[in-house]
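Data block below; observations after.
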Amino acid sequence: MRSYHGRCAIATLSQEFAVLPHGSQRMTVRTRFAPSPTGYLHIGGVRTALFNWLFTRRQGGQFLLRIDDTDAQRNVEEALAPILHGFRWLGLHWDEGPEIGGPHAPYYQSQRLKRYQEEVERLLKSGAAYYDYATADEIAAERLEAEREKRPFVYSRRYMAESADEQSRFEKEGRKRVVRLKMPREGTCVIQDHIRGRVEVQWAREQDHVVQRADGTCLYHLASVVDDFDFEITHVIRAEEHLPNTPRQVFIVQSLGYGLPQYAHVPYVAAPASKEKLSKRKLDKYLKMPDFRKLNEHGAAIAQAIGIGTSADTFNPVIVDFYEQVGYLPDAIVNYLVLLGWSLDDKTEFFSRQQMVDSFSLERVNSSPAAFDPKKLWAFQDHYMKGLPPKQKVAMMLPFLQRAKLVSSPPPCEVGPLLMRIVEAAGDRLKTAGDIIQYADFFFLDLPRYESDAVEKRLKAPGVAERLTRFRALLATVAPWTAAALEEAMNRFIAAEGIAIGDIIHAVRVAVTGKTVGPGMFDCLELLGKERVEGRLEEGVKMAGTA
RNA sequence: GGCCCCAUCGUCUAGUGGACUAGGACACGGCCCUUUCACGGCCGCGACACGGGUUCGAAUCCCGUUGGGGUCACCA
């Protein structure tokens, strides 16, 4: 029997010294992110993609997108669209891949079947793979037996057919064949990983994995390795759940005579306050945590106001889309994500895209999983929102008002300047673009939506109706109608009444805006205009009177 | 269960043998500012999982224990 010790020596050597595949002297760094078209972009996936992107930009290389659709899906284009959209939204541009093509097109595995077939044949010819005629049940039975005997399972190769005779014999029995890897059964596979260091596994623990199905289609591991070679990928930076798959890929790489890429297995993003992998399907569980629930509810309120669905399948803080729909800033998301598992030093927390590119390195990626923290994400969003010029806030927020049917499309021409004033008055209160709906709806409605709690608390109290009536009367004398003049009038009013400002202003706010919270009171009054303020105060008096 | 990975405040992290009475950020608590809500300012709470080594000296290196996690497909 052939010894595979030699192989692993090669594995180690080629990784440490032959950094570049194909023996070329100066190959630029090339990385890839390989989504399968699932219809959504996972927050953990995008973090891995971000690391790839940053590393590549830093090295002046090319970042590509390859579509792992070997599992024959129907609507690849449809399921891919949200993913590509997410990449563009975040500003993670790919140099080659879907929609833009490139020298190695096509970048869809489903369109590269011929290449896989060629390589399967080479594997077969060299003896690194074999036809296997076992049924799934027969394999399962062997596995069960091994488990019963408490020994690690390795396939007996009972239905392995390496000669034409054996093949025809099995075929006469009516058996179907798959192609399996003939994995080494002694020696050690050594993986040099940029994040995890040296990882060793016994070849004997590896299975004879299937690389080609009975129908001739190939599986991920084979396709992935062939593509990485064809696309001249130099660095495979991927989630750590792929680490256990790496030996079989190393075996394929070496059997096919390719050079090994550099590997870097980044830890997965964990669920809030846990070490478990963040999963879209566990939303219910996360919603039991107050922080996560708040994040979700904030988004859901906006989604509801603009009439988009909130089913967990499409609207979910684990999916990147969520943040765009609610009106988060890509820079905030990216800055938050880059710090999830990577840091530059003990103090730098805000990075422009360029700074990120300039300072990123795989060596500083942490080797333990980092938990997704809604509060921290929120803090980054807060920070970037504060730095955004009002003009840009207006541009972001107008579409939300339109979708909420508060402003028509195209908007009346007075809306632009008004919205600018509102945004300025609201200041740091607007944390996401979608917040504009809650903070400004009353500017665009004939009458505010009166919140019952607010009415209860601030209007339905003894003396409020009379006080509002007297304050309303005073308004006739206010000129010019400015926040400053209004404040001055209010001060005169409380002095005359002998009350504190708190005894009147809350009632005015609720009467005029329908809520207890909002931008500066006097700004609201000014922007609303005298007529509407007077009308709403009357409305407030009515509600207060029915106490 | 086998194999592999991981382990510093609640969370993200700094720390690569002495500058560590362990630093920063978010969160949290208190106070101040304040018409609300935000913002801002000040102060505070808070961690090296455990046990053995190695060393003059260990958060840092080694071993073990415990705990957590990933993965074990004719999915990707």
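None of the values given here were measured: they were computed from a predicted structure. Reminder, nothing fancy here: chain letters follow the sequence lines and each chain counts from 1.
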Using a strict threshold of under 4.0 Å (side-chain N to carboxylate O), is an ion pair present between [Y] and [X]?
| X | Y | answer |
| --- | --- | --- |
| A/Asp132 | A/Arg158 | no |
| A/Lys285 | A/Glu276 | yes |
| A/Arg185 | A/Asp208 | yes |

Closest nucleotide among [options] to the [X] side chain:
| X | options | answer |
| --- | --- | --- |
| A/Asp373 | B/rC5, B/rC74, B/rU11 | B/rU11 |
| A/Tyr268 | B/rG70, B/rC26, B/rA76 | B/rG70 |
| A/Ala379 | B/rU36, B/rA76, B/rC26 | B/rC26 |
| A/Lys275 | B/rG70, B/rU11, B/rG68 | B/rG68 |
| A/Glu240 | B/rC74, B/rA25, B/rC5 | B/rC5 |
| A/Leu219 | B/rC6, B/rC74, B/rC39 | B/rC74 |
| A/Asp68 | B/rA76, B/rA73, B/rG2 | B/rA76 |
| A/Arg429 | B/rG70, B/rU36, B/rC5 | B/rU36 |

Ignoring backbone atoms, test whether [X] places a side-chain nitrogen or oxygen under 4.0 Å from the OP1 or OP2 oxygen of [N].
| X | N | answer |
| --- | --- | --- |
| A/Lys277 | B/rU71 | yes |
| A/Asn366 | B/rA14 | yes |
| A/Ser343 | B/rA14 | yes |
| A/Lys386 | B/rG40 | yes |
| A/Thr70 | B/rA76 | yes |
| A/Arg364 | B/rA14 | yes |

Could you let me know what [N] is paired to, Watson-Crick or G-U wobble, both distances under 3.5 Å, or none if it's on its own?
| N | value |
| --- | --- |
| B/rA19 | none |
| B/rC3 | B/rG70 |
| B/rU65 | B/rA49 |
| B/rC37 | none |

Open item on the list: Before we go on, tell me: are the rings of A/His194 and A/Tyr263 under 6.0 Å apart, centre to centre?
Closed with: no
Open item on the list: Taking B/rU8 as the reference, what is the distance to B/rA59 when you measure between their P atoms (whole Å, please)?
Closed with: 15 Å
Open item on the list: Work out how far the C1' atom of B/rG40 is from that of B/rG18, and round it to whole angstrom.
Closed with: 41 Å
Open item on the list: So, taking the atom named CG in A/Leu64 and the one named CG in A/Asn52, what distance separates them when rounded to the nearest 0.5 Å?
Closed with: 9.5 Å
Task: Rounded interatomic separation in angstrom, taking CD1 from A/Ile422 and P from B/rA38 - done: 20 Å
